[in-house]
Amino acid sequence: MAMTARTLFDKVWTAHEVLPETPDTPAVLYIDLHLIHEVTSPQAFSLLKSLGLPVRRPDRTLATMDHSTPTRTEQVFGNVPIAVDAASKQVAQLERNAADFGVELFGMRDARRGIVHIISPELGATQPGMTIVCGDSHTSTHGAFGALAFGIGSTEVGHVLATQCLLQRKPKTFAINVEGKLPPGVTAKDLILSIIGKVGVSGGTGHVFEYRGATIRALSMEQRMTMCNMSIEAGARAGMIAPDETTFSYLKGRPRAPTGTDWEAACSLWKGLATDAGAAFDASVDIDATALEPMITYGTNPGMVVPISAAIPDAGGDAVSDKALRYMGFHRGEAMAGKPVNVVFIGSCTNGRLEDLQAAAQILKGRRVAAGVHLLIVPGSQRIKHEAEAAGLAEIFRTAGADWRESGCSMCLGMNGDTVSAGQYAVSTSNRNFEGRQGVGARTLLASPLTAAASAVRGRITDPRELM
Ligand code: SF4
């Protein structure tokens, strides 16, 4: 009898199912890698302590500091105390918990420290076919490697620490088929923003996306991570891309990737993960990449997005849209290009990798940030920081008048004190433009590193193609 054609998701899910779901109970899913950070782990470790339980698999648990850590060098490497009291306590707590439970931690001064979704791929700890969880929504990033990766809540962090398993309902599958070459100046960030605009912020609910097609195959690993990172913003549980030669050459030689004959064995296993020809998806959408433009958001969720040359659409009295426009201080029918900006943030687990910094540098080289604009550039990890410095990018940024910092989540969520003031406009390469995300009353416009850098130079929302 012929085997049923299966999707990438189905193969990874089935391989990790300890117990399948029933109408009354969720499935029990085995977790290969559990990533920890200082903000969503304290409660979970307290739970273990109160129950007298150890961490079930410390060797499959990896901790870093990123969400609330300072980006000012003197607070990371100098003797200046961490300015934000809550952050200082979270850092100290994770240091204690990691030591008490024998969990590996990349502490404040570790050269391997950085945003959790950036360091795990850098290390080669993220691998195809794995199940990966973390107490952070954007764990979907790791799906770029053909892993099934998603965010979990603090209570679930405790479950995984204690059992290395998770209770989960099996999601449905959703194919995002993208064909055609991305035009110059149009990046993976613009592609995912346009997909979210098309599918809607809850269009992916209950599904796992698989990004497919020639356009996706042509993306680098860094661009694939940008795509998978924002799957959650379309409501999807996770996003995945089948592993291929691009994946293997990214992973080869990384500190935690398999070596020698193990490497050959792993690659042949990973090659078999791709969706079989003829496998059925529960839903699908087709995207023509050749028709895309740089994108920018105008509202308070990532689905409120338009091509940069477009005007704010007329939502015809829709209450959600009206509220969003009031918060943003925008009106229907206004052009997005040319609107003044106060702050530009280049960084985050969406766009804080070396390629993103190279894109920004391409625009900033030989130019100056507009008077009155604060351009904050925060590398996604200490490794990226050093690579950017060695490649001369940091010098380009400083000469342009940008503020170049130590790695962390920083202004993506503003927990470390890097915030946007009330009423100010911030073009941000991060993934969420919710009310107050970057500070109380802050107004966030999501865009690519190219658009962010071009807007910093002009002090207005600018189509990057004008400066390329
Ligand atoms: S950069 Fe932002 S989205 Fe990414 S892990 Fe940090 S807080 Fe979460």
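Not measured: the values here are computed from a predicted model. Just follow the structure's listing: the first ligand is 1, and inside any ligand the first atom is 1.
- Ligand 1 places these atoms under 4.0 Å from at least one heavy atom of D136: 5 (S), 8 (Fe).
- Counting heavy atoms from C-beta on, the side chains of P379 and R353 never come closer than 4.5 Å.
- Within the 4.0 Å heavy-atom criterion, neither part of E233 lies near ligand 1.
- At a 4.0 Å heavy-atom cut-off, ligand 1 touches N431 through the side chain alone.
- Atoms OG and CZ, from S120 and R256 in turn, are 8.5 Å apart once rounded to the nearest 0.5 Å.
- Nearest protein heavy-atom neighbour of atom 2 (Fe) of ligand 1: C412 SG, 2.3 Å.
- Against a heavy-atom cut-off of under 4.0 Å, H138 is close to the following atoms of ligand 1: 3 (S).
- Residue R432 does not touch ligand 1, judged by heavy-atom distances below 4.0 Å.
- For Y425 and F330, the gap between ring centers is short of 6.0 Å.
- The aromatic rings of W404 and F397 lie tilted to each other, with the angle between the two planes from 30° to 60°.
- Taking a cut-off of under 4.0 Å to the non-hydrogen atoms of C349, the atoms of ligand 1 that pass are 1 (S), 3 (S), 4 (Fe), 5 (S).
- In the vicinity of R437, heavy-atom distances shorter than 4.0 Å reach the ligand 1 atoms 2 (Fe), 3 (S), 7 (S).
- Atom 6 (Fe) of ligand 1 has an N, O or S atom of C409 inside 2.8 Å of it.
- Between L413 and ligand 1 there is a heavy-atom distance shorter than 4.0 Å.
- Checking E406 against T71 by side-chain atom types alone, no donor-acceptor pair falls below 3.5 Å.
- Listed by atom number, the atoms of ligand 1 under 4.0 Å from S348 heavy atoms are 1 (S).
- Not one N, O or S atom of H67 sits under 2.8 Å from atom 2 (Fe) of ligand 1.
- If you look at F101 and F45, their ring centroids are closer than 6.0 Å.
- The ring of H67 has its center closer than 6.0 angstrom to the ring center of H37.
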Derivation and outcome, salt bridge (Lys or Arg N to Asp or Glu O under 4.0 Å), residues R112 and E122: CA-CA 9 Å; R112 297 163 298 179; E122 269 179 359; over 6 Å; no

